[in-house]
Number of protein chains: 2
Amino acid sequence: MKVLLIEDEQELRRSIRAFLQDVGFLVESANDFPSAMEKAEQYAYDAVLVDITLPKGSGLDIVRMLRKQNPNTGIIIISAKGSLDDKILGLDLGADDYLPKPFHLPELVARLRALIRRKQFAGNQAIELDELRIVPDDKLVEVNGQRVDLTVMQFDLLLFLVANKDRVLSRTAIVEHVWGEMADRLDHDHFLYSHMKNLRKKLLEKGSKDRIQTVYGLGYRLSSHA
Amino acid sequence: MKVLLIEDEQELRRSIRAFLQDVGFLVESANDFPSAMEKAEQYAYDAVLVDITLPKGSGLDIVRMLRKQNPNTGIIIISAKGSLDDKILGLDLGADDYLPKPFHLPELVARLRALIRRKQFAGNQAIELDELRIVPDDKLVEVNGQRVDLTVMQFDLLLFLVANKDRVLSRTAIVEHVWGEMADRLDHDHFLYSHMKNLRKKLLEKGSKDRIQTVYGLGYRLSSHA
DNA sequence: TCCTCGATCAACAGCACTTTCATGCTTGCA
DNA sequence: TGCAAGCATGAAAGTGCTGTTGATCGAGGA
């Protein structure tokens, strides 16, 4: 996994780089706008981490260019400005995630991993698992060629399960990823039960295999070879 | 999270131990070289804190041994010698971090937590033993490619056995490591018998080799070359 | 405005897992 | 060989987790 790190503060750049390399990424880095642009144009990365405030330019321009050039590159904005505008603008331009400084490095790694996994399923490519077919961009799910109408929540839930197939996912992890920030509430589990039930029901009704398994005491797992 | 603390100064050892336990670590400690070596060899810890200057030996030898034995154990050197040589030597030998005395305990905890998290991310790899395959993060166990559904207890138990493969583990040690603090109020032997039985049964059912051996009067051992 | 549908939430019933218990088998040693 | 201690087994009790049902709430459409 190849990552481009665009960050002008030397100390931060070093620590991020070291940490990422520690956990197995290949890292290249750039410390100002021109060199970042050059590297970003020249090579294809799996993911790019970009600071918004750079010497001689704005990270937002890099985001714009990257997105135009290659839709498969994951883009995470890291920015000191906690400003909502920046966040919205960045995501509008096509960034995939936004991480305000200061952040914990393991958090960055987690998001990076999640992003790369997601990207593998992106594009307009369908994900196929025997009888199950999912087209993320079209929000389409089919079982044996027959369309299954899912609500947005159910769709996102299914996508997250499929993107992490054969892994046990904790309820907490699921809620955090699918419902995002509003996950602070207490009574997570019970409303997840309901959504799970509805999702399973709809899939089974259409004749899908019983792929979503409950792992007692841990969470859920979607099996690829049911 | 299990930590081994190797430190000869009694007062310091006590305060570190107390502090770490307060914030939720399970702590074992050793106060001289031989006993440290014994414990370090005997069990797999999540992390080891080791003082360089010890009675009857050097902490550096412990670092060397630990690193050779188990790449997944985090190692932090704590040393009064601020000498650069020691630091470099220690890190070269495979320690993950270096903390000169005197230090603040919260600082130690912070580094310890960071280290363990990093190690967990790095340790995302599967453990393979012929027909047996374990992916800790996915809570996945496979025998000849076929999934084995284990309960949480069974999984933790198996992981501990595998992490200490080819080593005889006493019942007490197993219970303490897998069940942690609540180990006191349990009827040790009897319920371990049950869990062992269930674990063996599930593995054998899927066609695994008979790896878990009973060592009469001592405990159990999981063989890597069954 | 009412109506419908989906999201959320609480309560309860059922079940899986854990732990204990009673019993019988195996091992090491005299 | 016999006996004590150590170990395995199956069954059953107890605990906590999960699925289900159904009520409430709010958004969007008629």
Side-chain angles (χ1 to χ4, degrees), chain A residues 139 141 147-161 168-205 208 210-223, chain B residues 139 141 147-161 168-205 208 210-223:
Chain A
K139 303 284 180 198
V141 176
R147 199 178 73 232
V148 185
D149 287 317
L150 297 180
T151 69
V152 181
M153 289 294 173
Q154 288 159 7
F155 187 86
D156 288 347
L157 181 54
L158 176 60
L159 203 57
F160 183 62
L161 290 172
V168 175
L169 300 167
S170 72
R171 264 166 260 279
T172 311
I174 294 174
V175 171
E176 276 176 3
H177 279 83
V178 176
W179 279 265
E181 310 169 2
M182 48 171 261
D184 318 336
R185 318 263 193 88
L186 276 188
D187 199 14
H188 290 163
D189 294 1
H190 279 79
F191 80 70
L192 185 55
Y193 293 149
S194 289
H195 287 291
M196 256 333 175
K197 184 193 135 208
N198 295 333
L199 176 59
R200 289 208 254 220
K201 187 176 161 201
K202 282 191 181 174
L203 291 176
L204 289 175
E205 268 173 2
S208 172
D210 187 15
R211 295 181 178 279
I212 302 176
Q213 294 153 348
T214 302
V215 182
Y216 192 95
L218 291 175
Y220 298 94
R221 164 170 51 201
L222 187 142
S223 295
Chain B
K139 303 285 181 198
V141 176
R147 200 179 68 226
V148 186
D149 285 316
L150 297 180
T151 70
V152 183
M153 288 295 174
Q154 289 159 9
F155 187 86
D156 289 347
L157 180 54
L158 176 59
L159 205 55
F160 182 62
L161 291 172
V168 175
L169 300 165
S170 72
R171 260 167 264 280
T172 311
I174 294 174
V175 171
E176 275 177 4
H177 284 258
V178 177
W179 278 263
E181 318 171 355
M182 50 174 258
D184 317 339
R185 54 181 187 76
L186 291 174
D187 180 6
H188 284 186
D189 294 0
H190 283 81
F191 83 122
L192 186 54
Y193 292 150
S194 283
H195 286 291
M196 263 320 178
K197 186 194 67 163
N198 295 332
L199 176 58
R200 290 207 252 221
K201 186 176 161 202
K202 282 191 181 173
L203 291 177
L204 290 175
E205 267 174 2
S208 172
D210 187 15
R211 293 180 178 280
I212 302 176
Q213 297 156 345
T214 302
V215 183
Y216 191 94
L218 292 175
Y220 298 94
R221 165 171 48 201
L222 187 143
S223 298

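Letters A, B, ... are given to chains in the order of the sequence lines, protein chains preceding strands, and every chain is numbered from 1.
The aromatic rings of B/W179 and B/F191 lie perpendicular to each other, with more than 60° between the two planes, well past the 30° mark.
Residues meeting the side chain to side chain donor-acceptor pair (under 3.5 Å) test with B/R147, sequence neighbours left out: A/Q213, A/S223, B/D149. B/S194 pairs by the side chain to side chain contact (heavy atoms under 4.5 Å, CB included) definition with nothing, not counting sequence neighbours. The side chain to side chain contact (heavy atoms under 4.5 Å, CB included) check on A/L218 picks up A/V168, A/V215, B/K139, B/V152, with sequence neighbours excluded. Under the ring-ring contact (aromatic ring centres under 6.0 Å, His included) criterion, B/F160 pairs with B/H177, not counting sequence neighbours. For the side chain to side chain contact (heavy atoms under 4.5 Å, CB included) test, no residue two or more places apart in sequence or in another chain qualifies with B/Y216.
Nucleotide C/dA11 holds its P atom 17 Å from the CZ atom of A/F191, rounded to whole Å. One can place CG of A/L157 at 13 Å from C1' of C/dA7, the figure rounded to the nearest angstrom. Going from atom CG of B/L192 over to atom P of C/dT18 covers 13 Å, rounded to whole Å. In this entry the distance linking CG of B/D189 with P of C/dT26 reads 20 Å, nearest Å. Rounded to an integer number of Å, the gap from B/L199 CG to C/dC17 C1' is 15 Å. Rounded to an integer number of Å, the gap from CE of A/M196 to P of C/dT8 is 14 Å. Between the NZ atom of B/K197 and the C1' atom of C/dT26 there is a distance of 17 Å, given to the nearest Å. Nucleotide C/dC9 holds its C1' atom 13 Å from the CG atom of A/N198, rounded to whole Å.
Comparing B/S194 and B/K202 against DNA chain C, the residue whose closest nucleotide sits nearer the 5' end is B/K202.
Side-chain atoms of A/H195 lie closest to C/dT8 of the nucleotides C/dT19, C/dG28, C/dT8.
Comparing the start and finish of the helix from C/dT1-D/dA30 to C/dA30-D/dT1, five pairs each, the helix axis swings through 30°, to the nearest 10 degrees.
The span of DNA chain D lying next to chain B, judged by atoms under 4.0 Å from heavy atoms, is bounded 5' to 3' by D/dA5 to D/dG10.
Between C/dC21 and B/H190, no contact under 4.0 Å exists linking OP1 or OP2 to a side-chain N or O. The phosphate of C/dT19 has OP1 or OP2 within less than 4.0 Å of a side-chain N or O from B/W179.
Taking 3.5 Å as the limit, the base of C/dC5 and the side chain of A/T151 contain no donor-acceptor pair of atoms between them.
Distance CG/A/L158 to CE/A/M196: 9.5 Å, rounded to 0.5 Å. Atom CG of B/L169 sits about 9.0 Å away from atom CG of B/L222, to the nearest 0.5 Å.
When all heavy atoms of B/L161 and B/I212 are compared, the pair lying nearest together is CD1-CD1, 3.9 Å.
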